[in-house]
Protein chains: 2
Amino acid sequence: MYKYQVISEELKKKFTDGSFQPGAVLPDQEQLAAEFGTTRMTIRKAIQSLIVEGVVYTKRGSGTFLRKDFASKRDSFAPLLNKPLGATKNYAGREVTSKIWELDARLPTTEEQDRLVIGPEEPVYVIRRTRYIDGKTYAYEHTIMPTKIATITRKVVASSIYQYLAEEAGIRIAGAHRKVYAIKATAEDIEGLGATIGDPVLMIDQVGYTDEGEPFEYSVTHLPYLTNAVVADVEIR
Amino acid sequence: MYKYQVISEELKKKFTDGSFQPGAVLPDQEQLAAEFGTTRMTIRKAIQSLIVEGVVYTKRGSGTFLRKDFASKRDSFAPLLNKPLGATKNYAGREVTSKIWELDARLPTTEEQDRLVIGPEEPVYVIRRTRYIDGKTYAYEHTIMPTKIATITRKVVASSIYQYLAEEAGIRIAGAHRKVYAIKATAEDIEGLGATIGDPVLMIDQVGYTDEGEPFEYSVTHLPYLTNAVVADVEIR
DNA sequence: GAGTGGTCTAGACCACTAG
DNA sequence: TAGTGGTCTAGACCACTCC
């Protein structure tokens, strides 16, 4: 763990334990640098990551401030567009289960080759499953993943693919390109989500990248309407 | 314009004019620093912003690479979830027009008070308009904005509210909290988007913040399905 | 004008990849 | 082992806010 990560964690602890009121101004960067025995550049890296997480914001000429709505409303049932979509991690403490519709391998379509930047002879897994949180239908997922990334078993698919990739296969998810659509329920949605024909469905089309910039999954997630939405917190520079 | 921004633009130019093949490795950072007459730290900032934009990726120990799917990725008609939703700026060079359904002021509902963190006696504007890009229906917007933020005229609403806020009223948009839903077309959508009853509609619910962390608008944007989606590029740390 | 965050320099050392 | 990107230092100057 790098120094700036340690400092960022340390600061977050201070915010949650009440050392700072929401909206309060932090000590200036020079002071923080002295306090943590480092330089301003390193403090700035730590603060930068807190900005991205939506914990603090800075105002040139004024200071660094703890967000007023820092502690408040986190949505409990919505995937966060600025985080991995994996349900297991985002809904820790809840019962996440899966029904597996398909786990297979085949050669990729041209569309899939394109999205994953692989050749026509590189086999991919096809994974289709419905996910439930606390027994309630949460999402229907259709995932394509090159087999060279990791070996996927039925057991992994039944629990958490992302967790397996991170902890067992050493894959670090670094980013994703996502597109969100509203569509009419397909036959798969009627089966996978219990949707009614003609119902709106929220569809998230995503290509996930590893920290090496390599696409490792192309997935389409369907969320039932009325009971679900996606959330994005945005920092504009 | 800062040096790292100039360098980042300069590099992007080189990528589009074919000096580098997709997937090609860039000169190492030391070399780029010499070439641009600067230090590695500044080159790194330039590269960092290219990473966020999804143009290049780095591999420690190996080099910096131009994404293979660099050219293919641009969507021309989708709002970017990591940017302001304002059409005028995102679609510069295209003809953005508006039809105004309503421009009025009244006292806020409790829901609106809540979202904007204002009192019941602080008046708000109510703005409803349909937006067109190159004559094509793009979105239907319903915006609530405290009148204390700025004076809004019909002329402003007809062109660009965001641009007016930024350039005339000195408001800097620093971030937003957004929620994206799939819903069934409402009566407003049938009027405002020309949607058919029962059609899916993509709805973006957003509270925008100024650089002081103050909510300045609560808006709901409806996008017609089939012709539109939203895009999010995510960097996960 | 004093104080803040943002950029930039010129180095050093560390972590990682590949031949 | 050579070469790459990632972190970190110890400063300097600039842009901006607020009194």
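Chain naming here is simple, since letters A, B, ... match the order of the sequence lines and numbering starts at 1 in each. Predicted model only: the values in this text are computed from it and were never measured.
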Just N and O in the side chain of B/Tyr4: are any of them under 4.0 Å from OP1 or OP2 of C/dT7? yes

A/Leu26 atom CG is separated from C/dG3 atom P, nearest whole Å, by 19 Å

Rounded to whole Å, the CD-P distance (B/Glu30 to C/dA10) equals 12 Å

query: Do any side-chain nitrogens or oxygens of B/Thr42 fall under 4.0 Å of OP1 or OP2 in C/dT9?
result: yes

Whole-Å distance, A/Phe65 CZ to C/dT4 C1', equals 9 Å

Expected output: side-chain A/Ser160 to main-chain A/Val156 donor-acceptor under 3.5 Å: no

In whole angstroms, the gap separating P of D/dG5 from CG of B/Asp28 amounts to 5 Å

Please table the atom pairs, donor to acceptor, closer than 3.5 Å between any side-chain atom in residues 25-32 of chain A and protein atoms at least two apart or in another chain.
unit_1: A/Asp28; atom_1: OD1; unit_2: A/Glu30; atom_2: N; d: 3.0
unit_1: A/Asp28; atom_1: OD1; unit_2: A/Gln31; atom_2: N; d: 3.2
unit_1: A/Gln29; atom_1: OE1; unit_2: A/Arg40; atom_2: NE; d: 3.2
unit_1: A/Gln29; atom_1: OE1; unit_2: A/Arg40; atom_2: NH2; d: 3.2

Rounded to whole Å, the CD-P distance (A/Gln29 to D/dT17) equals 16 Å

Q) For A/Tyr125 and A/Glu102, does a side-chain donor sit closer than 3.5 Å to a side-chain acceptor? A) no

> If only side-chain N and O atoms of B/Thr58 are considered, is one of them under 4.0 Å from the OP1 or OP2 phosphate oxygen of D/dG6?
Replying inline: yes

Residues passing the side chain to side chain donor-acceptor pair (under 3.5 Å) test with B/Arg44, sequence neighbours excluded, are none

Atom CG of B/Leu32 and atom P of D/dT4 are separated, to the nearest Å, by 11 Å

To the nearest angstrom, the CG-P distance between A/Leu50 and C/dG5 comes to 14 Å

Rounded to whole Å, CZ of A/Arg44 lies from C1' of D/dT7 at a distance of 15 Å

Note to self: Between A/Gln5 and D/dT7, is there a contact of a side-chain N or O with OP1 or OP2 at under 4.0 Å?
What the structure shows: no

Side chain of A/Tyr164, backbone of A/Thr151: donor and acceptor closer than 3.5 Å?
-> yes

Any side-chain N or O of A/Gln48 below 4.0 angstrom from OP1/OP2 of C/dG6? no

Sorted by chain and residue number, the side chain to side chain donor-acceptor pair (under 3.5 Å) partners of B/Thr143 (sequence neighbours excluded) come out as none

Query raised in the report: OP1 or OP2 of D/dC8 sitting under 4.0 Å from any side-chain N/O of A/Lys45?
Result: no

Considering only nitrogen or oxygen atoms on both sides, find all protein atoms under 3.5 Å from nucleotides 11-15 of chain C and state each distance.
unit_1: C/dA15; atom_1: O4'; unit_2: B/Arg60; atom_2: NH2; d: 2.9

When you check the phosphate oxygens OP1 and OP2 of C/dT7, does a side-chain N or O of B/Lys3 lie under 4.0 Å from one of them? no

The side chain to side chain contact (heavy atoms under 4.5 Å, CB included) partners of B/Thr42 (sequence neighbours excluded) come to B/Lys3, B/Tyr4, B/Ile7, B/Thr38, B/Thr39

| task | Check whether any side-chain N or O of A/Glu9 sits under 3.5 Å from a backbone N or O of A/Val6 as a donor-acceptor pair, and report yes or no. | result | no

Walking DNA chain D from its 5' end, the first of B/Pro27 and A/Ser62 to be reached, judged by nearest nucleotide, is B/Pro27

Taking pairs as Watson-Crick (N1-N3 plus N6-O4 or O6-N4) or G-U wobble (N1-O2 and O6-N3), each distance under 3.5 Å, the stems of three or more consecutive pairs with DNA chain C are C:1-18 with D:1-18

- [ ] Ignoring hydrogens and angles, tell me if any N or O in the side chain of A/Arg128 forms a donor-acceptor pair with the backbone of A/Ile100 under 3.5 Å.
- [x] no

**Prompt:** Hey, are A/Glu122 and A/Gln113 close enough side-chain-wise for a donor-acceptor pair under 3.5 Å?
**Reply:** no

### Query
Taking OP1 and OP2 of C/dG5, is either one under 4.0 Å from a side-chain nitrogen or oxygen of A/Thr64?
yes

